[in-house]
Colleague: 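Following this message is one structure expressed as C-alpha cells.
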Amino acid sequence: MTFVASDIPDGLVTSVAPDWRISTERLSAAVRNPPALSACLLLDGPVALLPGEMRDLVAEETIPLWSPADHVHRRDLTSLSTSDAADHLRAAVVEAVDGLASAAEGVGAEISGGLDPSIVAAALHPRHEIRLWLNASGPGPGADESAFVAALEKHLDIDVTRFNRRAAALDRDALEAAPQRLRPSLAALDGDFDQEWAVRCSRAGVEGLFTGKGGDGMLIQPAAARVFIDLWRLKGWRALCSKDLVRLARLNERSVWTLVSEALRWKQPLYPEPGDLNLFTPSVSPSPHHPWLNDAAAWGPAKAVQVMSLLQGHGLHGPSRLTAAVDVFHPLLSQPVIEACLGLTTPQLTLGRRDRALARLAFRDRLPPEVLHRRSKGELTAYFGRMIADGLPDLRPWLLDGRLAALGVIDRRSAEAALTRDALIRCGDYPDILLAAMFEGWARAWDNRLQV
C-alpha cells in the first residue's frame with residue numbers, strides 16, 4: 001500500500017514508519033547548503049517529489065514533467081523588444097495575481113515600501129477588493145520604510161494599516177512551538193510576528209494574504225557583474241559592442257576590461273559552494289547537486305543564481321502560525337511569472353543598467369516615483385540580531401546540548417564562542433544561528449515523533 005500526502009500526521013508515522021530515521025549525512029549537508037537539499041528529504045524512508053514531478057506507483061519511478069531548464073532563454077521571448085518584454089512580464093504578473101485572488105474569499109496584501117510588494121499591490125488594485133493592506137516596520141532607521149509606504153498609499157489611493165515589529169526573544173519555547181513537517185520551516189522562526197499577522201488577518205476576514213517575496217530572485221536583484229557574463233555567453237565577442245558593458249561596469253564600480261576578463265575566464269561549477277559557516281563542523285565532501293541545476297553551466301552565472309532563487313523560495317512555503325490561519329500567496333514565485341522570467345535573459349531583465357529594470361518599466365505607470373526609483377532596501381538585521389541576543393540564555397544551552405551537536409553537525413567549540421553577545425556584536429553570525437535553530441527544532445521534533 002502506498003500513502004500519498006502533503007503532510008504526515010502522527011497516526012500515520014506510528015503506523016507506517018517503524019524504520020524511518022533522520023539521515024545524519026543529509027542533515028549535515030543541508031545546514032551548509034539548504035537549497036541543494038531541497039530535492040530530497042532529511043529522513044530515510046519516505047519519498048518526496050519536486051514541483052513538476054510525477055510518481056509512477058507501479059514502476060516506483062519518478063518522472064519529471066516540468067523543469068526550469070525547459071523555459072530558460074526561450075527564443076520567442078529573447079527576441080522581444082524591450083517594450084514587448086515589459087508587456088509580457090506585466091501580463092504574467094497580472095495573470096498570477098488574478099488567478100490566486102480568485103482562490104480566496106477575502107484578500108489582504110502586505111505593503112513594505114519595497115519594489116516587489118508594490119508591484120503586487122499595483123496588480124491587485126483596483127482589480128480586486130482588498131480587505132486589509134498591512135505594513136509592518138522594524139526597529140531602527142534602516143527598517144523604517146514609512147515614507148515609501150505613504151507614497152504608494154497616496155498613489156494607489158488605499159488605506160494601509162501599520163504596526164511595529166516587536167523583537168521577541170528567539171528562545172526554546174518559541175522554537176519548540178514552531179510547526180514542523182517533512183522539511184524544516186524557515187517561515188516559522190518569527191513566531192510572534194506571524195501570530196500578529198494571523199490575528200489581524202482573521203479580524204479583517206482575510207483568507208488569502210499576498211506578499212512580494214521571490215521578486216529579488218526572479219526579477220534579478222542585484223544587477224551584478226555576472227549579468228555581463230550571461231551576455232557574453234549569449235553573444236560572444238559581439239557583447240563588446242553592447243551598451244550593457246559600460247553600464248554594468250559603472251554600476252558595479254569595475255572597469256570594462258575586468259568584466260571582459262572575468263567573462264573569458266569564467267567556469268561555472270555545477271553548484272555554488274557555501275561560504276564559511278563557523279558554527280558547523282567542516283564538511284569533507286562537496287554539496288550534492290540539485291537536478292534543476294544540472295544544465296547551469298550552459299546558462300551563465302546570473303541565470304543560474306535566478307534558478308537557485310527558486311530553490312530558496314521553497315522555504316517560503318513552510319508551515320507557520322500565519323499559514324495555519326490564512327493562505328499565503330507569493331505571486332512572484334508562481335508558474336506564470338517564473339516561466340516569463342526564466343524565458344527572458346538576465347540582460348533583458350536588468351536592461352544592462354540596474355536591478356529589476358524591466359519590472360520597473362512594466363509597472364512605471366502604476367507606481368509612485370519614490371518607489372519606482374528607490375535604490376535602498378529595508379534592513380532587518382538589527383531586528384533579528386535582537387531576537388537572537390535576547391534569546392541567548394535559552395538558545396545557547398539548547399544548541400550546545402542539542403541534537404545537531406550530538407550528531408556532530410555543530411562544532412561545539414565554535415558554537416560556544418559564537419553564541420555570546422560579544423561575538424554577535426563583533427561577527428554578526430545571525431544567518432548561521434538562525435539556520436542552526438531551524439534545523440535543531442526540526443531534528444528534535446522528528447526525534448520525538450519517531451520515538452513515539
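It should be emphasised that the depicted structure is a prediction, and the values quoted were computed from it without experimental measurement.
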Colleague: Is the side chain of Asp70 donor-acceptor paired with the backbone N or O of Ser67 at a distance under 3.5 Å, no angle test?
Modeller: yes

Colleague: Considering all heavy atoms of both residues, which atom of Val31 and which atom of Leu435 are nearest to each other, and what is their separation?
Modeller: O-CD2, 2.8 Å

Colleague: Does Thr323 reach the main-chain N or O of Pro319 with its side chain, forming a donor-acceptor pair under 3.5 Å?
Modeller: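 Such a contact is absent between Thr323 side chain and Pro319 backbone.
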
Colleague: If I take atom CG from residue Leu407 and atom CD from residue Glu25, how far apart are they, to the nearest 0.5 angstrom?
Modeller: 13.0 Å

Colleague: Kindly compute the distance separating SG (Cys341) from CD (Gln306), expressed to the nearest 0.5 Å.
Modeller: 6.0 Å

Colleague: Which pair of heavy atoms, one from Arg226 and one from Pro301, lies closest together, and at what distance?
Modeller: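 Closest pair (atom of Arg226, atom of Pro301, distance): CB-CG, 3.7 Å.
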
Colleague: Without swapping roles, check the side chain of Arg396 against the backbone of Glu416 for a donor-acceptor pair under 3.5 Å.
Modeller: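 Yes, the answer is positive, given that a donor and an acceptor are paired below the 3.5 Å cut-off.
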
Colleague: Tell me, which pairs form a ring-ring contact (aromatic ring centres under 6.0 Å, His included) where one or both residues lie in residues 389-429, sequence neighbours left out?
Modeller: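 Every candidate ring-ring contact (aromatic ring centres under 6.0 Å, His included) pair involving residues 389-429 fails, so no pair, neighbours aside, qualifies.
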
Colleague: Sequence neighbours left out, what passes side chain to side chain contact (heavy atoms under 4.5 Å, CB included) with Ala415? Give chain and number order.
Modeller: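 For Ala415, the residues satisfying side chain to side chain contact (heavy atoms under 4.5 Å, CB included) (neighbours in sequence not counted) are Leu279, Leu400, Ile410, Leu419.
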
Colleague: Can you find a pair of side-chain heavy atoms, one from Leu132 and one from Arg203, that are under 4.5 Å apart?
Modeller: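 Result no, sub-4.5 Å side-chain heavy-atom pair not found.
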
Colleague: Tell me which one of Thr345, Leu358, Thr350, Leu344 satisfies side chain to side chain contact (heavy atoms under 4.5 Å, CB included) with Ile220.
Modeller: Thr350

Colleague: Would you say the side-chain atoms of Arg374 pair up with the backbone N or O of Gly113, donor to acceptor, closer than 3.5 Å?
Modeller: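 Yes: the side chain of Arg374 pairs with the backbone of Gly113.
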
Colleague: Report yes if the side chains of Ser118 and Ile111 come closer than 4.5 Å at any heavy-atom pair, otherwise no.
Modeller: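 With C-beta onward as the side chain, the pair stays apart.
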
Colleague: Are Val107 and Val206 close enough that some pair of their side-chain heavy atoms sits under 4.5 Å apart?
Modeller: no

Colleague: Taking side chain to side chain contact (heavy atoms under 4.5 Å, CB included) as the definition, give me every residue that meets it alongside Arg166, ordered by chain and number, with sequence neighbours left out.
Modeller: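 For Arg166, the residues satisfying side chain to side chain contact (heavy atoms under 4.5 Å, CB included) (neighbours in sequence not counted) are Ala168, Asp192.
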
Colleague: Check for a donor-acceptor pair, side chain of Asn252 on one end and backbone N or O of Arg254 on the other, with a separation under 3.5 Å.
Modeller: no

Colleague: For Asp244, enumerate each residue passing the salt bridge (Lys or Arg N to Asp or Glu O under 4.0 Å) test, keeping only those at least two apart in sequence or located in another chain.
Modeller: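 For Asp244 the salt bridge (Lys or Arg N to Asp or Glu O under 4.0 Å) partners, ignoring immediate neighbours, are Arg247.
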
Colleague: Salt bridge or not for Arg321 and Asp190, using N-O below 4.0 Å?
Modeller: no

Colleague: Any carboxylate oxygen within less than 4.0 angstrom of a Lys/Arg side-chain nitrogen, looking at Arg200 and Glu196?
Modeller: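 Result for this pair is yes, salt bridge flagged.
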
Colleague: Would you say that Leu134 contacts Val160 through its side chain, given a criterion of any heavy-atom pair below 4.5 Å between the two side chains?
Modeller: no

Colleague: Measuring from Ile119:CD1 to Arg360:CZ, what's the distance to the nearest 0.5 Å?
Modeller: 8.0 Å

Colleague: Of all the heavy-atom pairs spanning Pro336 and Ala92, show the shortest one and how long it is.
Modeller: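 Of all heavy-atom pairs spanning Pro336 and Ala92, the closest is O-CB, 3.7 Å.
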
Colleague: Only counting residues at least two apart or in another chain, list the ones meeting salt bridge (Lys or Arg N to Asp or Glu O under 4.0 Å) with Arg181.
Modeller: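 In terms of salt bridge (Lys or Arg N to Asp or Glu O under 4.0 Å), with neighbours along the sequence ignored, Arg181 is linked to Asp7.
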
Colleague: Only counting residues at least two apart or in another chain, list the ones meeting salt bridge (Lys or Arg N to Asp or Glu O under 4.0 Å) with Arg386.
Modeller: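 Checked Arg386 against salt bridge (Lys or Arg N to Asp or Glu O under 4.0 Å); zero matches.
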
Colleague: CZ/Arg449 to CD1/Ile8 distance, rounded to the nearest 0.5 angstrom?
Modeller: 7.0 Å

Colleague: Ignoring hydrogens, what is the shortest heavy-atom contact between Trp133 and Ala121? Give both atom names and the distance.
Modeller: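 That would be CZ3-CB, 3.6 Å.
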
Colleague: Considering all heavy atoms of both residues, which atom of Ala104 and which atom of Phe329 are nearest to each other, and what is their separation?
Modeller: CB-CE1, 4.2 Å

Colleague: A side-chain contact here means heavy atoms from C-beta on lying under 4.5 Å apart; do Arg375 and Asp355 qualify?
Modeller: no

Colleague: Please report the C-alpha distance between Arg412 and Asp401 in whole Å, then the side-chain angles of each, then the deciding distance to 0.1 Å, and finally whether the salt bridge (charged side-chain N to carboxylate O under 4.0 Å, His left out) criterion is met.
Modeller: CA-CA 9 Å; Arg412 204 174 191 284; Asp401 301 320; 2.7 Å; yes

Colleague: Run the side chain to side chain donor-acceptor pair (under 3.5 Å) test against Asn135 and tell me which residues pass, sequence neighbours left out.
Modeller: none

Colleague: Checking Asp173 now: which residues fulfil side chain to side chain contact (heavy atoms under 4.5 Å, CB included) with it, not counting sequence neighbours?
Modeller: Asp171

Colleague: Any chance you could lay out the side chain to side chain contact (heavy atoms under 4.5 Å, CB included) test for Asn164 and Ser137, step after step, and finish with the verdict?
Modeller: CA-CA 5 Å; Asn164 295 322; Ser137 60; 2.7 Å; yes

Colleague: Looking at every non-hydrogen atom in both residues, tell me the closest pair between Leu251 and Ala223 and how far apart they are.
Modeller: CD2-O, 3.4 Å

Colleague: How many angstroms lie between CG in Leu264 and CD1 in Ile229, if you round to the nearest 0.5 Å?
Modeller: 10.0 Å

Colleague: For a side chain to side chain contact (heavy atoms under 4.5 Å, CB included) check, start with the C-alpha distance between Leu367 and Leu115, then their side-chain angles and the critical distance, and finish with the verdict.
Modeller: CA-CA 9 Å; Leu367 299 176; Leu115 179 66; 3.7 Å; yes

Colleague: Side-chain contact test, heavy atoms from C-beta onward, threshold under 4.5 Å: evaluate it for Val93 versus Pro331 and give yes or no.
Modeller: no

Colleague: Do Lys303 side-chain atoms and Leu342 backbone N/O form a donor-acceptor pair below 3.5 Å?
Modeller: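 Yes, because the side chain of Lys303 sits within donor-acceptor range (under 3.5 Å) of the backbone of Leu342.
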
Colleague: What I'd like to find out is whether the side chain of Asp44 reaches to under 4.5 Å of the side chain of Arg26, using heavy atoms alone.
Modeller: yes

Colleague: Side-chain contact, heavy-atom cut-off 4.5 Å: Leu332 with Lys213?
Modeller: no

Colleague: Take Leu65 and Glu53 through the test side chain to side chain contact (heavy atoms under 4.5 Å, CB included) and record every step on the way to the result.
Modeller: CA-CA 5 Å; Leu65 302 178; Glu53 288 186 340; over 6 Å; no

Colleague: How would you list, by chain and number, every residue that makes a side chain to side chain donor-acceptor pair (under 3.5 Å) with Arg131, sequence neighbours excluded?
Modeller: none

Colleague: Could you walk me through whether Arg444 and Glu440 satisfy the salt bridge (charged side-chain N to carboxylate O under 4.0 Å, His left out) test, starting with their C-alpha distance in whole Å, then the side-chain angles of each, then the deciding distance to 0.1 Å, before giving a yes or no?
Modeller: CA-CA 6 Å; Arg444 287 178 182 248; Glu440 176 69 31; 2.6 Å; yes

Colleague: Who passes side chain to side chain contact (heavy atoms under 4.5 Å, CB included) against Arg265, sequence neighbours left out?
Modeller: Ser261, Glu262

Colleague: Which residues pass the ring-ring contact (aromatic ring centres under 6.0 Å, His included) test with Phe193, not counting sequence neighbours?
Modeller: Trp197

Colleague: Under the ring-ring contact (aromatic ring centres under 6.0 Å, His included) definition, can you give me all pairs with a residue in residues 53-73, not counting sequence neighbours?
Modeller: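 For residues 53-73, and leaving out neighbouring residues, the ring-ring contact (aromatic ring centres under 6.0 Å, His included) pairs sorted by first residue read Trp66-His71, Trp66-Trp292.
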
Colleague: If I take atom CH2 from residue Trp299 and atom CG from residue Leu234, how far apart are they, to the nearest 0.5 angstrom?
Modeller: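 Atom-to-atom, Trp299:CH2 and Leu234:CG are 13.0 Å apart.
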
Colleague: One pair to check against side chain to side chain contact (heavy atoms under 4.5 Å, CB included): Leu310 and Leu333. What are the steps and the verdict?
Modeller: CA-CA 7 Å; Leu310 287 181; Leu333 282 172; 4.1 Å; yes

Colleague: Is there a donor-acceptor pair closer than 3.5 Å between any side-chain N or O of Asp116 and the backbone N or O of Asp216?
Modeller: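 The answer is yes, because a donor-acceptor pair under 3.5 Å joins these two groups.
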
